[in-house]
Number of protein chains: 2
Amino acid sequence: MTDLLPELIEEVVDAPKMGEYESVAGVIAIQAASDTALLLESLPIAQRLSTWEMVPKNKRLDVLVHMRGDPRETLIDAIDSEDWDGIFSDIEAEQLLELADSLPSKLVDRALVSMDKKQRQYFKDANQYQDEQIGHWLDHDVLVLPITAKVRDGLRLIRRGVPHHMDTIFLVNRAGQFTEVVRLDNLFKSPEHVPLVDISEERIDVLHAEDDCNSAASVVQNSVFTALPVINENNVLLGRVNIRTACELKNEYYERQVMATAGMDEDEDLFSPVRKSAQNRAVWLGINLLTAFLASWFIGLFEATLQQVVALAVLMPVVASMGGIAGSQTLTLMIRGLALGQVTKSNVMSLLKKEMRVGGLNGAVWAVVIGIVAWMWFTDPWLGMVIGLAILLNIVSAALAGVVVPVVLDKLKIDPALSGSVILTTVTDIVGFVTFLGLGTLFLL
Amino acid sequence: MTDLLPELIEEVVDAPKMGEYESVAGVIAIQAASDTALLLESLPIAQRLSTWEMVPKNKRLDVLVHMRGDPRETLIDAIDSEDWDGIFSDIEAEQLLELADSLPSKLVDRALVSMDKKQRQYFKDANQYQDEQIGHWLDHDVLVLPITAKVRDGLRLIRRGVPHHMDTIFLVNRAGQFTEVVRLDNLFKSPEHVPLVDISEERIDVLHAEDDCNSAASVVQNSVFTALPVINENNVLLGRVNIRTACELKNEYYERQVMATAGMDEDEDLFSPVRKSAQNRAVWLGINLLTAFLASWFIGLFEATLQQVVALAVLMPVVASMGGIAGSQTLTLMIRGLALGQVTKSNVMSLLKKEMRVGGLNGAVWAVVIGIVAWMWFTDPWLGMVIGLAILLNIVSAALAGVVVPVVLDKLKIDPALSGSVILTTVTDIVGFVTFLGLGTLFLL
């Protein structure tokens with residue numbers, strides 16, 4: 001359980017001192033693979049590698065599958081070539097799909113060779129769809145019967161076992177096309193000779209393999225069924241997406257979004273090697289540096305003014321910061337609305353109006369507050385007026401940019417969670433500095 | 001389905017022009033409550049209210065339950081007093097728990113009166129636990145049998161119906177204490193006279209009512225079962241948490257985190273009234289203003305220097321921005337690690353070391369780049385050296401603060417996702433300005 005993780009990490013870290021390897025190995029042996037994955041991710045690399053050796057051989061594949069990309073790769077790099085046969089001995093298509101991005105292509109080929117023909121086909125089929133399409137992530141543990149089947153056939157089928165997170169039987173016609181579902185519990189209420197179609201459900205959401213992962217995951221999470229059928233463009237049943245997979249997809253989506261706001265991806269390793277980590281982050285720093293230099297260039301236009309009114313230099317961060325914060329509030333609200341499909345061309349104008357009114361109101365309030373503080377601080381009413389006006393203009397244009405930037409990025413199929421904030425900050429910095437220093441030049445010289 | 005939402009929003013918004021009320025009402029009638037909730041949230045308030053009238057009476061409660069707090073309240077305020085009896089006619093404890101924060105206490109009392117005794121008791125029981133404890137969010141749709149029951153009893157029970165997202169029967173002893181579970185599909189494989197304890201599962205995670213919601217939701221999502229039992233401190237079975245509830249809790253958790261980074265809460269309404277929205281956001285702007293003034297105050301200490309070397313004023317944003325970005329990367333990684341339970345006192349020192357090394361490496365690289373640019377721009381090698389040093393120091397201290405700030409906040413039980421970034425920016429701004437202007441005073445005057 002996640003709750004015990006911190007204690008376990010301490011135990012592992014202290015094990016070398018205490019000679020307690022065995023108790024750690026004991027815990028790992030009975031732990032869920034997802035928890036072992038979290039544990040390994042939390043360890044500095046040397047300890048991660050030694051702890052990996054304690055993971056029972058038959059659990060290693062599952063643990064790798066549950067790990068995030070970067071920490072997983074630190075293990076993959078260290079695994080001996082001959083050990084892979086053991087790890088791949090029972091590998092299924094879905095597991096290889098999860099690992100494929102972290103594996104050298106040679107190892108992917110080795111895994112494919114050790115798979116049976118059916119699994120290899122599943123792997124190939126899934127790869128016809130992109131990462132962000134649900135067809136890439138479906139599984140094949142379905143209960144499926146022909147549309148002519150009776151309750152008796154259904155009972156016989158489930159006596160052979162029900163896959164996890166499956167509460168229905170999917171019915172297909174002769175062409176393999178999905179037609180409807182029967183809830184398992186309805187089987188027990190009906191006589192054995194009743195055709196399954198007579199007790200099928202009225203309505204179930206059906207996913208298309210090309211559907212976007214994240215929307216498909218929402219549909220599954222909102223469904224009363226624990227798994228939904230996935231079909232191709234000819235309505236042929238390909239497999240299912242169960243609610244557990246939906247949770248994983250959704251969690252990854254959110255994690256990606258949170259990490260994207262800092263210019264990182266969700267695979268970032270707590271303990272990645274210093275050089276790799278520095279490289280990962282350098283791109284984002286570089287992009288932000290360009291925008292910061294751009295802002296500096298605009299400030300440079302007002303060197304003469306700054307020289308005469310140093311108070312402007314002192315107060316510059318206030319103008320930039322207020323615009324940045326106000327803009328990021330609007331931006332965050334917009335990004336959520338876009339992700340939920342709630343922002344469309346028919347309501348975006350109303351949203352823009354509302355956000356600009358909010359900006360106008362907050363802008364006016366804070367303009368007065370900041371204007372008075374600046375006036376008192378530098379005993380100059382004109383400076384108060386200048387900064388007040390600049391704050392008002394900057395907060396209002398932050399609201400404008402906060403609505404327009406993510407909508408435009410979304411139209412261009414660029415993730416607004418990743419690049420929205422840089423662009424927005426550039427806008428608010430430049431508008432803030434130019435209005436503040438420009439008004440200063442007009443009124444204070 | 002979420003995919004169709006944008007089209008539906010357009011249809012609703014255009015309906016008044018087109019006279020197409022009926023087709024909209026038709027869609028809403030067959031739509032899932034969660035989708036109708038998303039739709040209503042996406043509409044400006046006037047349209048939201050008129051669309052609400054089209055929601056079939058028997059779906060209204062469910063739609064309210066699925067809405068976010070603020071937009072839900074705009075509807076609650078507009079619902080006629082006499083309509084509540086209809087809405088509350090079949091209300092269950094879990095639904096009222098979801099709504100309670102948005103309802104005036106008078107309406108909560110009315111809902112309680114219309115509930116049957118058992119549901120009222122469930123409501124009271126749940127309120128013994130905090131919002132962030134799983135005991136507040138459990139449901140009571142469980143299949144439960146005494147530990148002495150046989151397969152035959154199990155079959156009889158499920159013939160009466162299986163609740164959604166339930167794939168086991170919970171067994172309890174005479175004292176009502178949870179003992180074990182039996183998978184439903186095992187019932188069909190065993191003769192009727194076999195005691196259920198003989199075919200029970202070896203291992204299932206059991207949740208405690210006081211457990212933290214978010215960790216409990218993770219445990220459910222990682223389980224092979226679709227619902228886990230929840231017990232109190234005496235091991236008495238209270239109910240269950242199913243995976244669908246776990247998904248909702250987890251999604252809310254992530255949404256709260258994303259919104260918190262901009263100082264908003266997850267209940268924020270796309271179309272809240274301007275004044276309310278301005279008020280919601282003003283607090284965050286105010287807090288950030290204080291930190292911005294603090295930074296200004298530090299800049300003010302160097303007024304004399306700025307007057308003589310205007311280039312320092314021009315380049316200030318570069319120093320502050322690089323520190324802020326580098327710090328927010330470390331902070332974001334730390335917040336995720338803390339949330340997953342991966343950051344503990346035993347690995348925090350290794351993390352700090354690693355982050356400071358990453359900061360040192362990136363700091364050095366960017367110090368050189370920025371130093372050269374500044375030197376060329378202002379044709380002053382000393383200025384290049386000053387800004388390079390300031391960048392290096394600021395990025396390293398940003399790494400330090402990025403590790404220390406969230407760990408300290410977490411210890412103080414303050415959400416680092418909400419306040420981490422303000423504190424961090426304050427640190428990087430002040431360190432950046434003071435080192436840059438301080439070094440400037442030393443070397444450039």
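So you know, we letter chains A, B, ... as the sequences are listed, proteins then strands, and number each from 1.
For Lys189(A), the NZ atom counts as densely surrounded, since its 6.0 Å shell holds more than 12 non-hydrogen atoms of other residues, nucleotides or ligands.
For Arg336(B), the part sitting under 4.5 Å from any heavy atom of chain A is the side chain, from C-beta outward, and nothing else. Only the side chain of Ser321(A) comes within contact range of chain B, judged by heavy atoms closer than 4.5 Å. Contacts of Phe433(B) with chain A are made by side-chain atoms alone, with heavy-atom separations under 4.5 Å and no backbone atom involved. The contact between Val310(B) and chain A is made entirely by side chain atoms (from C-beta outward), counting heavy-atom distances below 4.5 Å. Using a 4.5 Å cut-off between heavy atoms, Glu248(B) does not touch chain A at all. With a 4.5 angstrom heavy-atom cutoff, Met259(B) touches chain A via backbone and side-chain atoms both. Residue Lys354(B) touches chain A through both its backbone and its side chain, counting heavy-atom pairs closer than 4.5 Å. For Thr330(A), the parts sitting under 4.5 Å from any heavy atom of chain B are the backbone and the side chain alike. Contacts of Gln257(B) with chain A are made by side-chain atoms alone, with heavy-atom separations under 4.5 Å and no backbone atom involved. When heavy atoms are compared at a cutoff of 4.5 Å, Thr305(B) does not approach chain A at all. Contacts between Met322(A) and chain B at a heavy-atom distance below 4.5 Å involve backbone atoms as well as side-chain atoms. Heavy atoms closer than 4.5 Å to chain A are found in both the backbone and the side chain of Ser328(B). When heavy atoms are compared at a cutoff of 4.5 Å, Met316(B) approaches chain A solely by way of its side chain, counted from C-beta outward. Neither the backbone nor the side chain of Val220(B) comes within less than 4.5 Å of any heavy atom in chain A. Looking at Leu361(B), only its side chain comes within 4.5 Å of chain A, counting heavy atoms on both sides. Arg156(A) does not touch chain B: none of its heavy atoms, backbone or side chain, sits under 4.5 Å away. Interface remark: Ser42(B) contributes backbone and side-chain atoms alike to the contact with chain A (heavy atom separation under 4.5 Å). For chain A, no part of Thr291(B) is nearby; none of its heavy atoms comes within less than 4.5 Å.
Across Pro273(A), Ala374(A), Ala282(A), the residue that shares the most heavy-atom pairs under 4.5 angstrom with chain B is Ala282(A). Most heavy-atom pairs under 4.5 Å with chain A, from the set Val319(B), Asp185(B), Leu8(B), Val309(B): that is Asp185(B). Most heavy-atom pairs under 4.5 Å with chain B, from the set Ala32(A), Gly324(A), Gly286(A), Ala246(A): that is Gly286(A). Most heavy-atom pairs under 4.5 Å with chain B, from the set Ala278(A), Gly300(A), Ala292(A): that is Ala278(A). Top candidate by heavy-atom pairs under 4.5 Å with chain B, chosen from Gln329(A), Met334(A), His164(A), Arg357(A), is Gln329(A). Put simply, of Leu331(A), Leu306(A), Val373(A), the one with the most heavy-atom pairs under 4.5 Å next to chain B is Val373(A).
Between the side chains of Gln221(B) and Asn251(A), at least one donor-acceptor pair of N or O atoms lies under 3.5 Å. Side-chain atoms of Asp167(A) and Thr226(A) include a donor-acceptor pair closer than 3.5 Å.
Between Glu266(A) and Arg68(A) there is no salt bridge, since none of the side-chain N atoms of the basic residue sits less than 4.0 Å from a carboxylate O of the acidic one.
Remark: Leu155(B) engages Val151(B), Ile158(B), Arg159(B), Leu187(B), Phe188(B), Glu192(B) in a side-chain contact (heavy atoms from CB on, under 4.5 Å) (not counting sequence neighbours).
Between Asn347(B) and Leu43(A), the closest side-chain pair of non-hydrogen atoms is not below 4.5 Å.
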